[in-house]
Amino acid sequence: MQEQFFKKLDLDGYIEDFRGLFARDKEIFLQGDSKLHYKRINELSLIDFNPPPMIEELNSALTHLSKQGILHLSQSFEFIKICMYFRYLKGLKFEESLKEWLLKIEIPQAILELFEYFDEKGEIKEGVDERLVNLNLALKMKKESLVTEFKKLTYTKNLSAYLIDTQIHLINGMEALLLRGGFNHVLKAKIIGRSSGGGFYVVPLSVEKIQSQIDEIKDAKEEIFYEYAKKISLIFYKNLMFLKFINNAFDLFDHYSARVLMAKKHDYEFVLADSSNNLSLYNFAHPALKNAKSVNIEFNKKVLIITGVNAGGKSMLLKGILSAALLAKHLLPMRINAQKSQIGNFKEFDAILEDPQNVKNDISTFAGRMLYFSKLLGKKNVLLGVDEIELGTDFEEAACLYTELISKLLEQDNKIIITTHHKRLAMLLAKNSQVELIAALYDEELSHPKYEFLKGTIGKSYAFETALRYGISANLVQNAKKLYGEDKENLEEMVSKNINLELSLRKKNEELEKKEAKVDEILLSLKDQKEKNDQEFKKLISNLEFKYHKAIEEAKKTINLKDIKEKQRSLNKANGLKKSIVLPSMEQNEELRVGDFVKYEKIKGKITAVSKNDAMIQSDGLSLRVPLKLLKKSNQTPTQKVKSSVNITRPSALNMTLDLHGLRSDEALERLDKFISDALIVGFDEVIVYHGIGTGKLAFAVKEFLKAHKSVKSFSDAPINQGGFGAKVVKL
């Protein structure tokens, strides 16, 4: 059921990609404490680690062990591989939760000793048992004898007349020669087959004898392997509870690993679903879309109605919101700003995205939708998506009916996303305080959908504009407008104006927010400067007080002096100390005029008016009144437009790869910037940048630089054979 729902949301490709990162096949859902899993996944994301080895399904092996059965050595080795991997993990420098979890996993000593039994292929090492050493040596000698015997036969003069070729043929697992008829006069052998050309595949008796001896050696080895299989199975039986635990623990870590690898592969982020009912998505894009525009959606009420032009992305937005909630519930990564986004946790998900018409059951489109809604009326805490809700019936009647159905679903604490290109339902439901509106935008100048969305308004359908765009004659469209009616056409025009006004308001709000941010920055700068000035003032006062005190003390000494000359010298010294004190001055050192560029600490601007004591300066769109005594002339001068010519020299012998290993971040980014510029001049549309893994600082700096570069269309981690996580494939 879940697999079908993923397919409905166009997530089947994403899930297939994710499954490919598992060490063994399993359900994609992660059971248990989501907060704990989220914490561990984030910890794992900070560590470079080897992915888990491929492991077979072992539940049947555990059942066999519980009945004191004997496992084949290959099955035993699967358990050993799991234990070896956990020993490797315990050696990594994890922090907090993962470290605590791994510390609790103690591999029994008896199993640790089994690590030395197996080689990398899962076979028993011959050094473990002296008998294996002797048998392997004997086997080697017999195989060499077999090769020698065949060579001797093929070079025998009497047999050469009967040899069809000198090759050794493998027939039914036996090595044989291909001979013509009559060979029995010169060779004693057993016929084991006929060739299509009439020849005979024969095994010489001398070869058969050696082969028999080889089989006996192999049988002896198998008996030894069986002994070890029994021994290992007995140890496993005694540690059966641990093996069950470590088998489950491996699957849990495999879940963590696959999620982290998926996030690194696509530069995705994780969002932990919280206990709210909110859906706030920032810089989100559906995983199925390549180079898609990211969207910001605030859906904190109960119903979201997406209206507007067809092919404007309404259906994909609906699927995207459902996908984000579903991926967050199962801690699957996605393209999103995780720090700003918030996604609630929903008990159940459902969607009506396709035409439910069923010819076999004689169900019409509308009847199918009614059947679907009747099943939903008894459910609670469902996140539901309905695409083109009025499909299959009169939209006026459907609007009234769905208004009642949706109101009922809201009483049951459900959350619903609806798309429609009709305005009737949106206008009816907009009266409800729990309903939000969002419009798909249309570029009227270019006659093309923008694939952007505006909150708080009803979208225009642009049916007539679309018809003109695709070649319908203007006369036919004009006649259609007359049939549509002047009142409705005026309503469409009002909707269009409303959208344009909303966009204009949003732009002005953004400009206002920038100005507010600048004001906050200036206020903070002034606050810092005031604190700095206060400290300097206190220091200055303290210094002056000390100097005056020193002069006064020197003058007081004259009172106790009897000698006139000494008194005169003391007074002269006190007077000299007084004269050496320089009082601070706030005089304006230079004359300032309108048009001068000035600065006060971090604030820079241009003087627009001058009064006796103050000046008005223009700084980043803000007018500020500043005392003249605080201003200083700035070196900045008005920029003049000059004609310029640029000569670009085409780089010669430019490589398509750039290696940044061993460089500091600032030096690496400088080289990367030049490399991309040269690549664009040469005409490369794809290059590879090697930054390595290391501490991750250089990799992070490269990634952030590529994100911000205007000429970079996209980038991703390189394939394993071209550097993997240590390199980026950049499309220009």
Side-chain angles (χ1 to χ4, degrees), residues 1-11 29 273 275-279 297 299-307 314-330 343-422 424-438:
M1 185 68 180
Q2 285 281 11
E3 298 292 335
Q4 293 177 354
F5 192 66
F6 277 119
K7 193 170 184 179
K8 268 187 177 183
L9 299 181
D10 295 328
L11 288 172
F29 311 117
S275 57
S276 74
N277 243 0
N278 296 335
L279 282 168
I297 295 293
F299 177 23
N300 298 326
K301 295 184 180 181
K302 292 292 184 69
V303 177
L304 180 67
I305 301 180
I306 308 168
T307 59
K314 300 196 303 294
S315 298
M316 209 62 207
L317 178 62
L318 180 149
K319 291 179 181 180
I321 296 171
L322 288 172
S323 297
L326 187 60
L327 294 176
K329 182 180 179 68
H330 298 296
I343 299 177
N345 196 353
F346 299 91
K347 181 181 177 182
E348 192 176 339
F349 299 85
D350 212 335
I352 307 173
L353 302 177
E354 70 286 326
D355 183 353
Q357 183 173 355
N358 190 317
V359 176
K360 182 179 178 182
N361 297 325
D362 194 26
I363 297 177
S364 68
T365 298
F366 181 69
R369 294 206 160 190
M370 289 299 98
L371 181 62
Y372 215 113
F373 268 90
S374 67
K375 294 176 182 177
L376 290 169
L377 288 172
K379 294 184 177 181
K380 294 183 178 181
N381 195 21
V382 177
L383 179 61
L384 171 67
V386 187
D387 194 26
E388 297 297 352
I389 192 166
E390 296 100 339
L391 192 67
T393 191
D394 178 76
F395 73 90
E396 294 281 357
E397 294 180 10
C400 298
L401 179 61
Y402 282 122
T403 298
E404 291 301 312
L405 286 172
I406 290 166
S407 298
K408 181 65 178 176
L409 287 172
L410 291 186
E411 293 174 9
Q412 297 164 190
D413 200 29
N414 294 307
K415 199 172 177 84
I416 309 167
I417 309 159
I418 297 167
T419 72
T420 177
H421 56 271
H422 296 297
R424 176 67 172 163
L425 177 65
M427 293 173 71
L428 287 173
L429 283 172
K431 300 173 185 177
N432 191 320
S433 62
Q434 288 301 312
V435 174
E436 296 182 64
L437 299 174
I438 190 170

To the closest 0.5 Å, what do you measure between [atom1] ([X]) and [atom2] ([Y])?
X: Leu318; Y: Ile416; atom1: CG; atom2: CD1; value: 11.5 Å
X: Ile306; Y: Leu317; atom1: CD1; atom2: CG; value: 4.0 Å
X: Lys301; Y: Asn278; atom1: NZ; atom2: CG; value: 12.0 Å
X: Lys8; Y: Asp387; atom1: NZ; atom2: CG; value: 11.0 Å

For this session: Apply the test side chain to side chain contact (heavy atoms under 4.5 Å, CB included) to residues Thr420 and Val386: give CA-CA distance (whole Å), side-chain angles for both, the deciding distance (0.1 Å), then the verdict.
Result: CA-CA 9 Å; Thr420 177; Val386 187; over 6 Å; no

Student check: side-chain heavy atoms of [X] and [Y] closer than 4.5 Å:
X: Ile418; Y: Ile406; result: yes
X: Glu388; Y: Lys314; result: yes
X: Ile417; Y: Leu383; result: yes
X: Ile343; Y: Leu327; result: no
X: Asn381; Y: Asn277; result: yes
X: Leu326; Y: Phe5; result: yes
X: Lys329; Y: Phe346; result: no

Tell me if a side-chain donor or acceptor on [X] pairs with a main-chain N or O of [Y] at a distance below 3.5 Å.
X: Gln412; Y: Lys379; result: yes
X: Glu436; Y: Phe299; result: no
X: Asn414; Y: Leu409; result: yes

Problem set entry | Partners meeting salt bridge (Lys or Arg N to Asp or Glu O under 4.0 Å) with Lys415 (sequence neighbours left out) | none

Exercise. Can you name the salt bridge (Lys or Arg N to Asp or Glu O under 4.0 Å) partners of Lys302, sequence neighbours left out?
Worked result: Asp413

Seminar exercise, completed: Closest non-hydrogen atoms of Gly385 and Leu322, given as atom of the first, atom of the second and distance, are CA-CD1, 4.0 Å

Problem set entry | For the student: nearest non-hydrogen atoms of Ala273 and Gly344, plus distance | CB-O, 3.8 Å

For this session: Run the numbers on Leu304 and Leu279 for side chain to side chain contact (heavy atoms under 4.5 Å, CB included), then give the verdict.
Result: CA-CA 11 Å; Leu304 180 67; Leu279 282 168; over 6 Å; no

Exercise. With sequence neighbours excluded, what pairs up with Leu401 under the side chain to side chain contact (heavy atoms under 4.5 Å, CB included) test?
Worked result: Phe366, Met370, Leu405

For this session: On the 0 to 90° scale, with breaks at 30° and 60°, tag the Phe29-Phe6 ring pair as parallel, tilted or perpendicular.
Result: parallel

